[in-house]
Each structure stands twice: as C-alpha cells, then as structure tokens.
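Working notes, structure below.
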Amino acid sequence: MIEQRLQLLREVLRERNLDAMIVSQPENRRYLSGFTGSAGVLVVSQERALLITDFRYFEQVKHQAPACELVEITSSTRDALAAQIAALGVQRVGFESHVISVETFEQWKQVIDGVEWVATSDLVEDLRQVKDASEIETITEAVRIADEAMAHIMEWIRPGMTEREIAWELEVSMRTRGAEALSFTTIVASGPNAAMPHAVTSDRVVQVGDPLVIDMGALYQGYCSDLTRSFCVGEASDEYKAVWDVVLKAQLAAEGQIRAGMSGVEADAIARDIIYAAGYEGKFGHGLGHGVGLAIHEQPRASQLFTGAIPAGSILTIEPGIYLPGWGGVRIEDMAVVWEDGCQVLTQVPKVPVIPGK
Ligand code: ZN
Ligand code: ZN
C-alpha cells in the first residue's frame, strides 16, 4: 500500500521534473510512510524514501514505516536534511509551499546548497483524494461510531440540558464506541445559535421547540468522520418543518445525482438550485461538501469554487443548509463514496425534524 503511494508520487515527480520532494505536512507524511508521529520530514526521491525524525520516534518509525529508511536527527532537522539532500545529490527539490513557513524555508536555503527549490502545492493532497479499499473501510468505521453516538443523543436529549452537556455526552459516546479522538470540536448549536454554520457550543439551555444543529465526527485509526443532524426538541413549528424539508430535498437530490467526473460546481448546484428555488437565496452561504480522510476538510470539494472533477473513489460530505439570522438554521450532512455510477452513502443515522425530548 505505502509502496504503491510512493510510486504514484514518484510518477508525479517525474512529470514535474523534480529529483526529490520534501514532505512535511503531517497527514501527507503519514499517508506516504505510515508514520503517525507528530514530527519529522520525509524526503522522497526516485530510489529512496528517507524519514528524518528525532529520538522520540526512532522505535515508532521502525514499526510503522518499514518502507522508509530512518534517518536519526542528532543535531537539528535542517542539518540532517542538508546532509541527506547533499548525499542524494539531487538538483531540483520540491517542497510544500502551502505548509512550510517562510522562516523554515529561509533556514533551509541557508544550510542546503546547490539545489533548485521548486514550490509545490497539493501534490500529495491530490493523491489523497482517491481512497483505497482499506481507507474506505476505516472511514466507514469512523462513520459508524459517529452514527451510533448521534442515534444515542437523539434519544437522550431532554429540555433543560445545556449545549455543552450535550456535546460532552456525544464525546463520551464516541470514545466508548471506539473513537481515538474527535475529528473536530463538536458543534451543538441551539435556538438562534443554530443560524451560525460554525457556532461555538455554549452554556445555552435547550428549550422545548428549539431548533438544534449538531455537527460532530469521530477519529478512528487516523481517519475522520463528519456528521450533522438538525431537529427540534419536543415539537417543531410549521416554518421549521418547511425549512427542514427543503434542506432534506436538496440533500437527497444531491445524493441521488452526484457521480464521479462531475465538477465540484455542478455537484454543488444540484442542492443550491433547490434551496434558491424555494426562496432561500443567500441563506446557504457555504459549499455543499468537502472531501474527508486523514484530514476533516480535504480535496475534492463540491462548491462554487471547485471547478475540478470529483474523482471516483473520493469521499465527500453532502451538507446543504439554510441559516436564518435570529431564528436558527438547518443543516443535514452525510458522507458518501463517489463512484462513476453514483454516491454510496455511508451515513446511516435517521433524519427526522423532531426528536421526542422525553
Ligand atoms: Zn460537519
Ligand atoms: Zn463537513
């Protein structure tokens, strides 16, 4: 698996006429080596893959990254990197310009002589878009953990609880179901807070009839899940149900029509057109979806800005929303694998506009 990924990167390096690539972005480093540690630099050339890291990770690299040669840092990362680049005798060296700070790059330039630096962006991220079978299996498990926690919380919520209490119960539920961490800080937004797509969970007390937006995800073996459900507690107004129905209709249309090869713009438009046609133009102020994998937000995107094609085997969230300031909001989010013949929706937890709350 790792060997295959390294070969794919090597093909990209050949196409770009790069002799070597320095990979320092943590998820990219993990993807190409298997190494989960928090520090280290991976250098990939046509013949070799060197993982340069410090004492804390020597043993870990031997276990996790058998496809890479361990380079032990004795003084500093940049000195070790300089020695390895010199030993490889490479000319054109790519680096991740979207990751490396200006300061780090200046330091590298000072100690590493005789190379032509080539700024690259998203080379490994582009490879990560297409998931292999084992990645899909792991992500499916991350989705299952989030699904079960959400199903539990939909039974468990009572009026009088605070957003924070609900978020904590979700966190505990995901952990006890096998999550190694959260894939991001859980959002529990109630009442008017639900009008903010990325609301911060507060001490607000949830009342009967309040709209809730809950957005959460589990991290499992390094892979993320992402799930949103929206519902009212105890009872829902007709206006709420009407907004909720539009969001669900938009989401089901997108899940029914998105397929590989479609551009991100086309995919986004499926849901956006339905929401705008229902009179909510300007109330769906974010993209329809994003890739999910080792990172919670990655390529591809279903958005008005992503003109590229959504590749087969990518994982995409489908999460239309309507947000009405002062009133609240509705977002419904599933995760799907996108194939040539359509979406394979992974998320299983039911979608309902009202939960009992008793
Ligand atoms: Zn989400
Ligand atoms: Zn999302």
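All residue numbers refer to positions in the sequence shown, counting from 1. Order of listing sets the numbers, starting from 1, for every ligand and every atom in it.
- Between the NE2 atom of H290 and the OD2 atom of D226, the angle taken at the Zn ion (ligand 2) works out to 90° after rounding to 10°.
- One finds no salt bridge joining R229 and D215 here, because no Lys/Arg side-chain nitrogen approaches an Asp/Glu carboxylate oxygen to under 4.0 Å.
- Restricting E333 to its N, O or S atoms, the one at the least distance from the Zn ion (ligand 2) is OE2.
- By the 4.5 Å heavy-atom criterion applied to side chains, M335 and L316 are not counted as neighbours.
- The Zn ion (ligand 1) lies closest to atom OD1 when only the N/O/S atoms of D215 are considered.
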- Working for ring pair (Phe, Tyr, Trp, His ring centres under 6.0 Å), residues W244 and F231: CA-CA 8 Å; W244 193 93; F231 40 76; 9.5 Å; no

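- Closest to the Zn ion (ligand 2) among the N, O or S atoms of E319 is OE2.
- Screening H290, Q251, H286 for a side-chain hydrogen bond (donor to acceptor under 3.5 Å, both in side chains) with E319, the sole residue that qualifies is H290.
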